[in-house]
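Throughout, residue positions are numbered sequentially from 1 according to the sequence presented.
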Amino acid sequence: MKTSVSDRTASSAAAAPAAAAPAAALATDRLRADAARWPDVAHGPRGSATRTAVTRLIVQRALAALPLRTALGDAPVTGDEGPLVRVHDPEAFFRRIGTDGLIGFGESYMAGEWEADDLVGALTVLASHLTSLVPRPLQRLRGAWARRRPSGQRNTLEGARQNIHRHYDLSNDLFALFLDPTMTYSSAVFRKRPVVWSDLTDAQHRKIDRLLDLAGVGDGTRLLEIGTGWGELALRAAARGARVVSVTLSQEQRDLATSRIAQAGHADRVSVELCDYRQVTGRYDAVVSVEMIEAVGADYWPVYFDTLERLLLPGGRIALQAITMPHARMLATRTTYTWIHKYIFPGGLIPSVEAIEQHTAAAGLRMRENDGYGGHYAETLRLWRERFTQRSAEVDALGFDPVFRRMWEFYLAYSEAGFRAGYLDVRQLLLTRATTTARDGGLR
């Protein structure tokens with residue numbers, strides 16, 4: 001597998017300027033962040049004393065109403081039930097939240113300023129009460145304090161390449177440490193739950209096969225895959241006799257996918273191209289795209305669905321797998337800059353089912369099937385998170401530092417909690433043309 005460690009850790013962090021005031025010393029492992037790589041983790045925000053004090057009152061009041069136990073510094077544990085959240089450096093913790101909201105909350109974890117005996121459990125409690133954590137009067141002022149997404153993260157042709165590069169080109173070896181041998185980085189569909197690691201490969205194949213069945217992929221199908229991953233779906237489609245064009249913006253993914261496809265003897269049936277979906281030409285019997293719409297960005301959803309319609313042959317079928325969130329929450333946060341945008345997926349936005357329906361209809365497409373299985377994603381993420389944690393020494397050996405490890409542990413736990421709380425869902429969708437078009441050549 002191809003890997004180049006050099007500055008990957010730096011590329012995964014946002015290039016925000018460092019603030020002047022250093023974070024206080026930790027009471028636990030005395031984690032020290034490299035200020036060049038992690039400026040906003042190594043140097044906490046300035047934050048006014050008044051704002052920090054008000055934040056402390058609001059956050060403590062919110063935590064007291066939740067099924068959580070909390071310990072602030074050397075103070076006794078409060079609360080009678082739930083996971084224990086231990087804040088080692090309350091001053092830095094509340095200053096970060098008061099200045100940067102949930103971005104500060106995540107950066108405080110990266111800095112080692114707080115821990116939880118059950119990180120997923122604690123984050124699930126918080127995700128389940130997300131809309132009530134901030135008092136309603138302050139929620140109405142969201143626009144005054146919530147950061148707006150930087151224009152540099154818009155998914156223009158160049159912006160999309162940079163956004164994808166920052167996550168998917170980190171290292172094939174890194175992803176191989178916690179993914180199963182199929183190298184599939186999307187939700188599996190399990191036969192039964194709870195699950196163990198040995199269930200994952202079969203569950204990933206089951207997910208892929210369901211999508212290929214949904215799209216009607218078989219012998220002779222001309223298939224377009226938007227978002228290659230590391231090639232497993234293209235491999236299984238080729239094994240059915242399909243001819244596949246798969247497009248990706250990740251050089252690392254393309255390199256490994258091409259190698260895997262050649263080793264499997266399907267190089268004559270599969271072409272993997274470094275190409276933006278907007279630049280694809282030709283027409284296809286089927287289009288499959290797995291958890292790629294989340295990277296498109298709301299500004300480009302109309303272009304995305306128009307492109308799907310343009311590329312589809314008469315009678316063709318489109319199978320999508322998409323992470324979704326409630327429509328009201330999507331509308332409230334669609335312009336907000338979050339911890340996920342800053343550190344994990346720049347430029348992304350999770351759509352709602354309603355948003356997908358609106359844009360598919362506008363593009364002349366119709367949603368024919370819509371199956372959700374968010375609980376399966378929670379289990380998929382649990383297996384990835386446990387594997388990642390177990391192999392921390394190997395992550396270190398690839399050149400990623402402790403702050404990176406804490407960042408990814410938080411990301412995987414944060415995502416799992418979203419599905420366990422029902423805040424997030426994942427769905428498999430079938431789209432077809434709603435009506436015939438001039439491009440179809442008449443009635444069908």
Side-chain angles (χ1 to χ4, degrees), residues 1-5 8-9 11-13 106 109-110 116 118-121 123 164-190 193-208 227-233 248 250 252-253 255-257 259-260 290-292 294-295 321 323 339-340 343-345 348 374-420 424 426:
M1 295 179 187
K2 181 179 177 181
T3 180
S4 165
V5 172
R8 286 201 183 102
T9 310
S11 71
S12 66
Y109 185 82
M110 292 165 66
D118 175 4
L119 182 58
V120 172
L123 293 175
I164 292 299
H165 170 74
R166 278 186 52 193
H167 187 84
Y168 294 96
D169 287 340
L170 281 168
S171 163
N172 286 336
D173 290 340
L174 173 70
F175 287 99
L177 288 179
F178 68 92
L179 298 179
D180 74 284
T182 70
M183 290 292 287
T184 306
Y185 190 37
S186 53
S187 179
V189 178
F190 297 97
R193 290 178 288 160
V195 302
V196 295
W197 177 257
S198 58
D199 297 328
L200 186 53
T201 294
D202 173 72
Q204 292 292 11
H205 284 159
R206 188 163 181 251
K207 175 272 300 297
I208 291 170
T228 305
W230 286 274
E232 191 70 13
L233 187 145
T248 179
S250 167
E252 293 258 333
Q253 287 189 329
D255 290 349
L256 182 53
S259 175
R260 295 180 72 217
V290 181
E291 294 180 25
M292 185 271 180
E294 303 87 351
Q321 182 161 306
I323 301 171
W339 182 87
I340 286 286
Y343 289 102
I344 306 296
F345 291 116
H376 293 252
Y377 217 149
E379 288 295 276
T380 304
L381 284 156
R382 176 179 63 81
L383 294 176
W384 291 345
R385 176 178 53 80
E386 290 173 350
R387 189 80 162 182
F388 182 87
T389 302
Q390 291 163 2
R391 307 187 77 172
S392 59
E394 293 165 87
V395 176
D396 292 347
L398 289 176
F400 297 100
D401 65 14
V403 177
F404 178 90
R405 276 195 288 104
R406 288 184 69 86
M407 178 181 77
W408 267 64
E409 288 164 4
F410 187 79
Y411 150 57
L412 292 170
Y414 179 92
S415 301
E416 180 183 343
F419 287 100
R420 295 205 181 279
L424 299 176
V426 63

Backbone N/O of D199 and side chain of D202: donor-acceptor pair under 3.5 Å
no
Provide the closest heavy-atom pair for P181 versus T201 in the form atom of the first, atom of the second, distance.
CD-OG1, 3.5 Å
Modelled atom types, side-chain donor and acceptor of K207 and S186, under 3.5 Å
yes
Could you tell me whether the side chains of D180 and T182 share a donor-acceptor contact shorter than 3.5 Å?
yes
Relative to each other, are the rings of H167 and F345 parallel, tilted or perpendicular (30° and 60° limits)?
tilted
What pair of heavy atoms forms the shortest contact from E294 to I323, and how long is it?
OE2-N, 2.6 Å
What I'd like to find out is whether the side chain of T184 reaches to under 4.5 Å of the side chain of I208, using heavy atoms alone.
yes
Can a side-chain donor-acceptor contact be found between H205 and E232 if the only test is distance below 3.5 angstrom?
yes
Any cation-pi pair here, R387 with W197, using under 6.0 Å and within 45°?
yes
SB check E416 R385 (cutoff 4.0 Å):
yes
Positive for side-chain contact (heavy atoms from CB on, under 4.5 Å) with T228, one of T248, V290, L256:
T248
Any ion pair linking R420 and E379 (charged N to carboxylate O, less than 4.0 Å)?
yes
The ring-ring contact (aromatic ring centres under 6.0 Å, His included) partner of W384 among Y411, F175, Y185 is Y185
Heavy atoms, side chains only, cut-off 4.5 Å: are F419 and T380 in contact?
no
Of Y343, Y414, F178, the residue whose pairing with W408 passes ring-ring contact (aromatic ring centres under 6.0 Å, His included)
F178
Please assess E291 against S187 for the test side chain to side chain contact (heavy atoms under 4.5 Å, CB included), listing each intermediate value before the final yes or no.
CA-CA 9 Å; E291 294 180 25; S187 179; 3.8 Å; yes
Could you check whether any side-chain heavy atom of V426 comes within less than 4.5 Å of a side-chain heavy atom of H376, counting everything from C-beta outward?
no
Please report the closest heavy-atom contact between A188 and A203, naming both atoms and the distance.
CB-CB, 3.6 Å
Atom pair CZ/CD of F404 and E409 - distance to nearest 0.5 Å
10.5 Å
Nearest heavy-atom approach of I164 to A295 is CD1-CB, 4.3 Å
Locate the shortest heavy-atom distance separating R260 from W230; write the atom from each residue and the value.
NH1-O, 2.7 Å
Between the main-chain N or O of A393 and the side-chain N or O of R405, is there a donor-acceptor pair closer than 3.5 Å?
no
Side chains of R406 and Y109 in contact at under 4.5 Å (non-hydrogen atoms):
yes
Answer yes or no: is there a donor N or O on one side and an acceptor on the other, between the side chain of D169 and the main chain of E252, under 3.5 Å?
yes
Answer yes or no: is there a donor N or O on one side and an acceptor on the other, between the side chain of R166 and the main chain of I344, under 3.5 Å?
no
Closest approach of S171 and F400, non-hydrogen atoms and distance?
CB-CZ, 4.1 Å
Given the options L177, V395, L179, F388 meets side-chain contact (heavy atoms from CB on, under 4.5 Å) only with V395
